[in-house]
Protein chains: 2
Amino acid sequence: MGKIEGIANQANRCARCRASVRSVCSLTDCAIHSDIAALSGRRLVAAGQTILANGGQAALVGTVLAGILKVSKTLPDGRERIVSLLYPGDFFGQLFTASMDFAVEAATDAELCVADRLRYESVIRRHPILEHAILQSTSRALAVARESALLLSCLNSLERVATYLLVTTGRRDHLLQEAKLQTSHSVAALGISRADVASYLGTTIETISRHLHYLEDKGVILILDSSHFEVLDRDRLQTIAGVSDDDLRLFMPAELTRTSESRHLQTAIVLPLHRSK
Amino acid sequence: MGKIEGIANQANRCARCRASVRSVCSLTDCAIHSDIAALSGRRLVAAGQTILANGGQAALVGTVLAGILKVSKTLPDGRERIVSLLYPGDFFGQLFTASMDFAVEAATDAELCVADRLRYESVIRRHPILEHAILQSTSRALAVARESALLLSCLNSLERVATYLLVTTGRRDHLLQEAKLQTSHSVAALGISRADVASYLGTTIETISRHLHYLEDKGVILILDSSHFEVLDRDRLQTIAGVSDDDLRLFMPAELTRTSESRHLQTAIVLPLHRSK
DNA sequence: CGATGGTTTGAATGCTGTCAAAATGTGTGG
DNA sequence: CCACACATTTTGACAGCATTCAAACCATCG
C-alpha cells in the first residue's frame with residue numbers, strides 16, 4: 001500500500017486519500033485504512049446525479065468528501081421530499097440490506113469515497129471497531145432525523161427558514177473556527193438550490209422567498225444575492241426561530257455534537273468543489 | 001448463571017427472562033446472554049412515567065418487553081412532539097453519549113429490560129456481535145424516522161390518520177399471523193392515548209376526531225369505541241392514505257422489514273400488560 | 001347524582017399552497 | 001456590447017386546510 005508519510009497525528013487519512021475527513025475515516029488504526037483503501041475509490045458526481053436509487057440495489061456505501069448529498073423519497077402520487085442532507089464526513093448508503101429505502105442524490109457537485117457494499121461489510125467483520133464508528137455515525141443521523149421531524153411539525157414555515165439560516169451559518173462558523181479563521185460578520189450560504197431547501201423544509205420556494213424578505217425588512221438579515229445572506233442580528237433570528245442552542249447543536253458537524261466519550265476526535269476542513277463547467 | 005433448560009431453538013431467550021423478544025435479544029450466542037443477564041433487570045413502568053429525561057443523564061439503555069414507549073422532545077416555548085414510538089423488541093436509550101437528546105416515556109404501562117449504560121457498553125466491547133445487532137436496530141430506527149418525516153410533511157392530516165390506522169392494523173395482523181391465529185376482520189387499536197396519537201401525527205385531537213368520523217361516514221371503517229376501529233375496506237383506506245406497501249413495511253415489526261441477510265430471525269408475540277390498578 | 005376527564009361538534013381565524021404574472025438574473029449568439 | 005431566450009426569483013390574489021377557542025356531549029367513578 002506504499003509508504004505512509006508524516007503520520008503521527010495524521011493516521012486519520014486513508015493512505016491514498018488526499019482529503020482529510022471526519023467520522024468513520026478518522027479511526028486511528030492503520031490496518032483498517034489499508035483494508036478500506038484496497039476496495040474503495042474516489043468518485044466525482046455532478047449536481048443532480050443519482051448515486052443510489054430508491055428501491056434499487058444497495059450496491060455501494062461511502063463517505064462524502066466534498067459537496068452535499070440529499071437523501072430523498074417520492075410518494076406514489078409524485079410528492080417528493082428531502083429527508084436528510086449529508087455533508088463532508090457523513091457516511092451514506094445502507095449496510096446489511098439488499099435494497100435502498102431512500103434515494104441518495106448529489107445536491108451539489110460532490111466528491112465521494114465509495115466502496116462495494118458487500119466488500120465493505122467483510123471489512124467490518126474483520127474490524128469491529130469500524131462497526132463501532134458506523135454505529136456512532138448512524139446514531140447521530142438518527143438523532144438528526146428525529147430533530148428534523150420535531151422542527152418540521154412544531155415550527156411554522158418562518159421559523160423553519162430562520163432555523164435553516166442558523167444551521168448553515170453555524171456550520172460555516174464552526175468550520176472557519178476549526179481552521180482558526182476569524183470572521184467579523186457571519187454569512188449564510190444556502191449551499192443547495194432553493195427548490196431543494198423548500199423540499200427539505202417541507203414548504204415551497206414562494207413561501208421561502210416571502211420569509212427571507214420579511215426577515216430583511218425586519219433588519220435581521222441582509223440579502224446579498226439569491227443564495228447568500230448576512231446575519232445582522234443572530235439573537236433575534238434565533239428568537240424568531242424559536243429553537244434552543246441544544247436543538248441547533250445536533251445539526252453541527254459531528255465532532256462538535258458528541259459532548260464526551262467519543263473515541264476519536266479529528267478536525268478538518270474540506271473545501272467545496274468549484275462547479276464543473 | 002444457573003442451567004439453561006430446553007435451549008436448542010430457544011437460544012434467543014435471556015437465561016432469566018421469561019419473555020421471548022426480538023432483535024437485539026435474539027442473538028444466538030449464549031455467552032452474551034449470560035453477560036447481559038448479569039447486569040440487566042426487568043422493570044415495570046406505569047403509563048406516563050419518564051424513563052429517560054431530555055437533556056438528562058443517559059444512565060441506562062434497554063429493550064421493550066411489553067407496552068409502548070414514546071420518544072419525544074419539547075421546544076423552548078412548550079410545544080411538544082412524539083418523534084417515535086417503540087414497540088416490544090425495540091431497543092431504547094443512547095449509547096456512547098453522556099446526555100439524552102430526547103426524552104423516553106411510557107405511553108402505556110410497560111415492561112422493560114434495562115441495564116446500566118456504561119456496563120452495557122463494556123459488554124459490547126467484549127462482544128462485537130452485539131454491536132452489530134444494535135447497529136441493525138439503529139439503522140432500522142433511522143429508516144423509520146426518515147419515513148415518518150416524509151409522511152409528516154407530504155401527507156395531509158386525513159392521509160396521516162389513515163396511514164396510522166393501516167400501520168396499527170398491519171402490526172396486529174403480523175403478530176397474529178406469527179402466532180398462527182387467523183382473523184376474519186382486522187381491527188385497529190390505537191394502542192396509545194388520543195393525545196399521543198395527535199402529537200405523533202403532528203396534529204390535534206379535534207382534527208383526528210373529524211377524520212375518523214369522516215372515514216366512518218364513507219364506510220371505510222367502523223368505530224367500535226373511542227380507540228378501536230374495524231377496517232371495513234382496507235384497499236380504500238390505503239388509497240386515501242396515499243402510501244405504498246413499501247412505505248408501510250418500514251413500520252412493521254423488525255423481522256419482517258429486513259428483506260434478506262439478517263443474521264438472526266426470531267418470531268415471538270408479547271402479550272400486552274393489563275393496566276395496573 | 002354531580003363531578004371529572006375525554007370526545008365531539010361548531011364557527012372563525014390564519015397560515016400556507018396554488019396559480020399566474022411580473023421582475024430579475026444568466027448565458028448565448030449576433 | 002447588445003439582443004434575445006431561458007431559468008429563477010419575486011410579488012400578488014385567492015382558496016382551502018387545519019388550528020384555535022368554545023360549547024355541547026358522553027363516559028366513568030366516587
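In the text below, chain A, chain B and the rest are named by the order of the sequence lines, each starting its count at 1. The analysis underlying the following values was restricted to heavy atoms, covering all of them including side chains, and did not include hydrogens, waters or symmetry mates. Here the structure is a predicted model, which is why all the values come from computation and not from measurement.
Rounded to a whole Å, the CG atom of B:Asn156 is 12 Å from the C1' atom of C:dG17. As a whole-Å value, the separation of A:Asp217 CG from D:dT10 C1' is 13 Å. Rounded to whole angstrom, the span from the CG atom of B:Asp225 across to the P atom of C:dT8 amounts to 10 Å.
Under the salt bridge (Lys or Arg N to Asp or Glu O under 4.0 Å) rule, B:Arg249 has a single partner from B:Asp246, B:Asp245, B:Asp247, which is B:Asp246.
Scanning atom types as modelled, one donor and one acceptor separated by under 3.5 angstrom connect the side chain of B:Arg210 and the base of D:dT20.
Rounded to 10°, the angle separating the first-five-pair axis and the last-five-pair axis of the helix from C:dC1-D:dG30 to C:dG30-D:dC1 equals 30°.
One N or O on the side chain of A:Arg171 and one on the backbone of A:Phe251 form a donor-acceptor pair closer than 3.5 Å. A:Thr168 contributes a side-chain N or O that, together with a main-chain N or O of A:Tyr164, makes up a donor-acceptor pair within less than 3.5 Å.
Residue contacts for B:Thr207: at a heavy-atom cut-off of 4.0 Å it reaches a base atom on one of the strands shown.
The shortest side-chain heavy-atom distance between A:Val167 and A:Met252 falls under the 4.5 Å cut-off.
Listed by residue number, there are no residues of residues 68-80 of chain A with a heavy-atom contact under 4.0 Å to DNA chain D.
Minimum heavy-atom separation, A:Ala110 to A:Ile68: CB-N, 4.4 Å.
Among residue pairs with one or both ends in residues 200-220 of chain A, none qualify as salt bridge (charged side-chain N to carboxylate O under 4.0 Å, His left out); sequence neighbours excluded.
Contact between the side-chain N/O atoms of A:Ser226 and the OP1/OP2 oxygens of D:dT8 is not found at any separation under 4.0 Å. The side chain of A:Thr203 contributes an N or O atom lying less than 4.0 Å from OP1 or OP2 of C:dG17. For B:Thr204, a side-chain nitrogen or oxygen approaches OP1 or OP2 of D:dT19 to under 4.0 Å.
Comparing D:dT11, C:dT16, D:dA18 by their nearest atom to the side chain of B:Ser157 picks out D:dA18.
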